[in-house]
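Take a look at the structure below.
Proteins come first, then strands; the chains are lettered A, B, ... in the order of their sequence lines, and each starts at number 1.
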Protein chains: 4
Amino acid sequence: MSPHNRAHNAGEERSSDRRKPVQARSKATVEAILTATAQILERSGPEAATTKAIAARAGVSVGSLYQYFGSRDELIDALAHRHVDAMRKVLSEALAELISLPLEAAIPRLMTALIASHRVNPRLDHVLHQLTPISDTAILDDFQDFAATITTTALRTHPDTDLDDPELVGSILAQAVSGVLRTTLRRFPERLGDPALERLLADLVLGLLGRQGSATRGAGSTTAL
Amino acid sequence: MSPHNRAHNAGEERSSDRRKPVQARSKATVEAILTATAQILERSGPEAATTKAIAARAGVSVGSLYQYFGSRDELIDALAHRHVDAMRKVLSEALAELISLPLEAAIPRLMTALIASHRVNPRLDHVLHQLTPISDTAILDDFQDFAATITTTALRTHPDTDLDDPELVGSILAQAVSGVLRTTLRRFPERLGDPALERLLADLVLGLLGRQGSATRGAGSTTAL
Amino acid sequence: MSPHNRAHNAGEERSSDRRKPVQARSKATVEAILTATAQILERSGPEAATTKAIAARAGVSVGSLYQYFGSRDELIDALAHRHVDAMRKVLSEALAELISLPLEAAIPRLMTALIASHRVNPRLDHVLHQLTPISDTAILDDFQDFAATITTTALRTHPDTDLDDPELVGSILAQAVSGVLRTTLRRFPERLGDPALERLLADLVLGLLGRQGSATRGAGSTTAL
Amino acid sequence: MSPHNRAHNAGEERSSDRRKPVQARSKATVEAILTATAQILERSGPEAATTKAIAARAGVSVGSLYQYFGSRDELIDALAHRHVDAMRKVLSEALAELISLPLEAAIPRLMTALIASHRVNPRLDHVLHQLTPISDTAILDDFQDFAATITTTALRTHPDTDLDDPELVGSILAQAVSGVLRTTLRRFPERLGDPALERLLADLVLGLLGRQGSATRGAGSTTAL
DNA sequence: AATGAATGAGCCTTCATTCAT
DNA sequence: CATGAATGAAGGCTCATTCAT
């Protein structure tokens with residue numbers, strides 16, 4: 001996601017072997033900068049996120065921004081990582097219990113978890129997606145890949161589904177759900193409270209599985225799941 | 001998305017004197033500018049689409065650009081409209097025959113049509129999505145609304161589905177399919193040729209319908225739901 | 001002479017196809033910019049020659065500066081070329097008559113011409129020399145090479161000198177004279193009027209020749225020269 | 001060369017109490033900083049010599065740098081002094097023996113000494129010349145003045161020359177030699193080893209003297225010199 | 001109408017200098 | 001004394017927009 005990357009000099013304050021009080025201070029500054037960037041991005045879009053504006057909102061000087069981030073791009077990059085990590089964390093938390101459940105129960109939970117993860121910061125998510133260049137493999141794709149992997153794994157794990165290409169199906173499902181969620185969050189945020197959405201998404205997934213996998217065979221897939 | 005709206009070709013052809021060639025020339029110039037913009041956008045992204053670059057590629061002067069478009073934003077706006085129109089047109093062409101088909105046949109066709117419409121200019125599509133300002137209800141959403149309406153209509157028209165909220169279902173389906181297609185076009189363009197994708201999408205839709213609408217007919221899907 | 005050249009983005013007009021001053025207006029602008037640059041450089045040194053300061057003094061906007069010069073470095077480069085050309089022109093004018101003269105008369109004239117050429121713009125000359133990076137073959141060196149060539153040619157042409165390595169001698173002489181002139185112009189400008197300087201320089205050159213070439217042989221080198 | 005001139009080490013060791021070890025450490029730090037500056041300047045030029053880079057290479061903090069030098073300019077100023085001192089020292093060492101020699105022998109030795117002094121640190125020398133502000137009488141000029149004085153003294157001392165204006169001649173000769181050496185060091189460093197250079201320079205000087213001073217005494221000036 | 005030179009606000013980034021720790 | 005995070009003025013450069021020709 002970070003296009004330009006001119007190596008400036010040898011300064012590498014990345015590792016955590018700096019002194020402690022200073023580190024605490026630094027961490028706060030970094031945090032302030034990231035938060036400020038996120039807020040501006042959410043509220044006013046990429047064009048408004050100038051280094052000056054970010055520094056001002058973070059309550060620091062432009063110079064400080066460059067103390068911790070090599071460039072504006074790098075900063076946004078870091079923010080994207082942070083955002084994806086947060087989403088991933090939310091999603092991960094819902095994973096443990098999924099394995100033990102039958103598909104018919106697991107999928108709805110997965111949807112709930114996906115919705116939750118997409119709620120972390122929808123506006124930022126949207127803006128970050130806008131910033132994704134065409135060709136670059138964006139950091140944000142990582143999340144979708146993660147969701148795809150989880151879905152695929154779920155499909156594979158549960159013995160009652162028998163798909164030709166679980167990877168493809170998992171990927172498509174992740175894309176479909178992500179498409180619904182991102183649009184919904186941006187355009188129809190009020191629908192998020194509606195439990196119908198969760199059900200609809202679960203049906204979307206289960207419906208596809210029912211048509212793809214062996215689940216079609218026999219009425220009683222329920223038992224297995 | 002665009003404020004200015006000067007009526008350019010408001011003058012009618014009350015007399016077919018030399019006004020015509022002039023208008024023809026204007027139209028050609030507008031066309032050239034739009035095309036140039038689209039090409040630069042596709043190939044090099046939003047940052048490369050400066051007014052200077054656009055004018056150069058269109059073979060006109062910057063001044064001329066401002067003769068026909070009030071601002072750069074307006075120009076891009078116009079291009080977005082043009083793009084959406086093209087996509088809509090492709091989709092529309094597939095509509096007529098849908099009505100007369102049963103759902104199981106109509107949906108696959110609809111998917112084919114949707115894929116086709118998304119293929120009109122995927123790179124431009126992506127870039128235009130990037131350019132959409134945060135607050136504005138994007139022009140590009142129009143296409144999704146259109147797709148949603150079509151789907152909803154299809155669901156309503158076909159007597160064999162009985163949904164509680166066809167609008168919601170249509171909308172969600174449009175979002176899901178759009179999500180899949182846009183991601184696929186950007187990240188896995190090679191999948192577009194794969195007929196498996198079409199089938200998968202059709203199954204996605206029909207699967208949801210099978211679980212939502214025609215629950216009555218199914219063997220025991222009710223249980224599961 | 002232009003060291004740093006960071007490629008910023010995909011803008012294709014690097015420095016190759018910058019507008020060449022074709023029109024009268026353009027030419028005047030270019031002239032104003034070059035003159036302004038020279039003035040600032042002369043009076044306040046390289047650090048003062050910011051793009052803003054140059055534009056202001058030239059009575060144009062920064063943008064105009066970049067219309068004609070790809071970068072600040074390129075501008076200074078152009079100025080250096082112009083300066084060297086001017087110096088070279090002054091020197092060249094004195095050349096024609098040199099050939100027909102005996103060495104003893106030619107060298108003083110050459111010195112006069114060199115002094116004249118160094119007087120074109122001593123302060124600018126000094127600043128431009130300061131700007132010369134260590135390794136780069138600077139444009140200003142061209143002038144010294146020119147002077148060296150002329151001297152060498154003079155030595156070769158005149159039949160009464162017989163040097164082992166006329167090139168080396170010519171080069172050293174050019175450097176010596178240039179060293180004297182540049183220092184004198186910077187530190188003791190009042191000496192320039194003094195005809196003693198010219199004589200001294202001529203003696204410097206002739207003295208070396210007298211010790212190097214065959215002129216040493218026989219006391220009467222005067223005749224030949 | 002530098003504006004700020006706060007007396008930093010104005011405190012002399014009036015009392016040799018515990019100040020000493022501290023002073024020793026200070027001296028080492030100052031040395032480290034100066035050396036670091038010199039190295040960066042030599043290798044990467046003026047633009048690379050940022051306070052941060054200097055401090056890093058010296059193994060101290062930026063703050064410490066300001067402990068010992070009032071500003072970056074002052075630091076460079078100090079370095080220039082140190083450099084000139086070093087050059088002067090090398091030149092001085094060759095002086096003692098000069099007096100007792102006849103001119104014809106003394107001058108070549110002087111040339112050798114001058115070459116040696118210019119070899120102390122040619123790259124640093126060049127960069128320091130670049131850094132010399134326009135208006136200031138540069139510290140580096142001190143060296144040339146020193147060389148001029150020495151030459152003048154030599155001319156005066158030796159009874160066999162009889163110049164009208166030994167000061168002028170000495171100055172011009174110093175300038176000429178310096179011009180040759182500095183250019184040679186920058187552009188033709190390989191010539192430095194060549195003994196021809198030394199001979200040429202000696203001939204340059206002796207040639208001028210032969211034409212100026214003893215010109216009265218007919219052709220046989222050689223003997224005297 | 002067309003042209004493209006001119007404008008200048010504003011962007012990103014650097015770096016000498018200060019100061020709390 | 002040392003440290004290095006923080007500062008912010010200032011620099012180079014871009015580009016949408018205007019306007020005289």
Side-chain angles (χ1 to χ4, degrees), chain A residues 4 6 8-9 11 13 18-19 21-23 25-26 28-30 47 49-56 59-73 75, chain B residues 22 25-26 29 47 49-56 60-75, chain C residues 4 6 8-9 11 13 19 21-23 25-26 28-30 47 49-56 59-73 75, chain D residues 4 22 25-26 29 47 49-56 60-75:
Chain A
H4 322 267
R6 304 164 209 154
H8 277 291
N9 44 24
E13 46 266 56
R18 293 294 176 200
R19 68 185 37 191
V22 175
Q23 222 193 30
R25 181 101 177 270
S26 298
T29 303
V30 168
E47 309 215 336
T50 67
T51 52
K52 220 175 189 171
I54 292 170
V60 301
S61 66
V62 241
S64 288
L65 192 156
Y66 282 90
Q67 185 115 50
Y68 299 105
F69 303 95
S71 69
R72 181 180 169 279
D73 278 355
L75 163 56
Chain B
V22 173
R25 198 148 72 93
S26 294
T29 303
E47 308 213 339
T50 66
T51 51
K52 204 177 177 183
I54 291 169
V60 301
S61 65
V62 239
S64 289
L65 191 153
Y66 280 87
Q67 193 86 45
Y68 297 105
F69 301 94
S71 70
R72 185 179 172 274
D73 278 357
E74 232 173 77
L75 163 56
Chain C
H4 319 266
R6 306 168 205 154
H8 275 293
N9 46 22
E13 53 263 44
R19 295 271 165 274
V22 186
Q23 300 180 0
R25 180 93 180 274
S26 299
T29 302
V30 168
E47 308 214 337
T50 67
T51 52
K52 221 173 190 170
I54 292 170
V60 302
S61 65
V62 239
S64 289
L65 192 155
Y66 283 92
Q67 185 114 50
Y68 300 105
F69 303 95
S71 68
R72 180 181 169 278
D73 279 354
L75 164 56
Chain D
H4 317 264
V22 175
R25 199 150 71 92
S26 296
T29 303
E47 309 215 337
T50 66
T51 51
K52 205 178 176 181
I54 291 169
V60 301
S61 65
V62 237
S64 290
L65 192 154
Y66 280 88
Q67 193 86 45
Y68 297 105
F69 301 94
S71 71
R72 184 178 173 275
D73 278 357
E74 230 172 79
L75 163 56

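Using a 4.0 Å cut-off, some side-chain N or O of C/Q67 falls inside it from OP1 or OP2 of E/dA5. Applying the 4.0 Å criterion to OP1 and OP2 of E/dC15, one finds that D/T50 has every side-chain N and O outside that range. Here D/S26 reaches the OP1 or OP2 of F/dC1: one of its side-chain N or O atoms lies under 4.0 Å away. Applying the 4.0 Å criterion to OP1 and OP2 of F/dA6, one finds that A/S61 has every side-chain N and O outside that range.
Mapping C/A49 and D/T29 onto DNA chain F by nearest heavy atom places D/T29 closer to the 5' end of the strand.
Rounded to an integer number of Å, the gap from CD1 of A/I54 to C1' of E/dT13 is 13 Å. Rounded to an integer number of Å, the gap from C/F69 CZ to F/dG11 C1' is 19 Å. Distance C/E47 CD to E/dT14 P: 18 Å, rounded to the nearest Å. Taking atom OH on B/Y68 and atom P on E/dT3, their separation rounds to 9 Å, with Å as the unit. Look at CG on C/L65: it is 12 Å from C1' on E/dA6, rounded to the nearest Å.
The shortest heavy-atom contact between B/V62 and B/A55 is N-CB, 3.7 Å.
Remark: B/S64 pairs with B/S61 by the side chain to side chain donor-acceptor pair (under 3.5 Å) rule, at least two apart or across chains.
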Using side chain to side chain contact (heavy atoms under 4.5 Å, CB included), reason through D/L75 and D/Y68 one step at a time and then give a plain yes or no. CA-CA 8 Å; D/L75 163 56; D/Y68 297 105; over 6 Å; no

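In this structure, A/R72 CZ and A/L65 CG are separated by 10.0 Å, a value rounded to the nearest 0.5 Å. Here B/Q67 contributes atom CD and B/S26 contributes atom OG; the two are 8.5 Å apart, rounded to the nearest 0.5 Å.
Paired regions of DNA chain F, where each region holds three or more successive Watson-Crick or G-U pairs whose two hydrogen-bonding distances fall under 3.5 Å, are E:2-21 with F:2-21.
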Please list, pair by pair, any protein nitrogen or oxygen found under 3.5 Å from a nitrogen or oxygen in nucleotides 17-19 of chain F.
{"residue": "F/dT17", "atom": "OP2", "partner": "B/Y66", "partner atom": "OH", "Å": "2.8"}
{"residue": "F/dT17", "atom": "OP2", "partner": "B/R72", "partner atom": "N", "Å": "3.0"}
{"residue": "F/dT17", "atom": "O5'", "partner": "B/Y66", "partner atom": "OH", "Å": "3.4"}

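When C/V30, C/T51, C/I54 are each tested for a side-chain contact (heavy atoms from CB on, under 4.5 Å) with C/F69, only one passes: C/V30.
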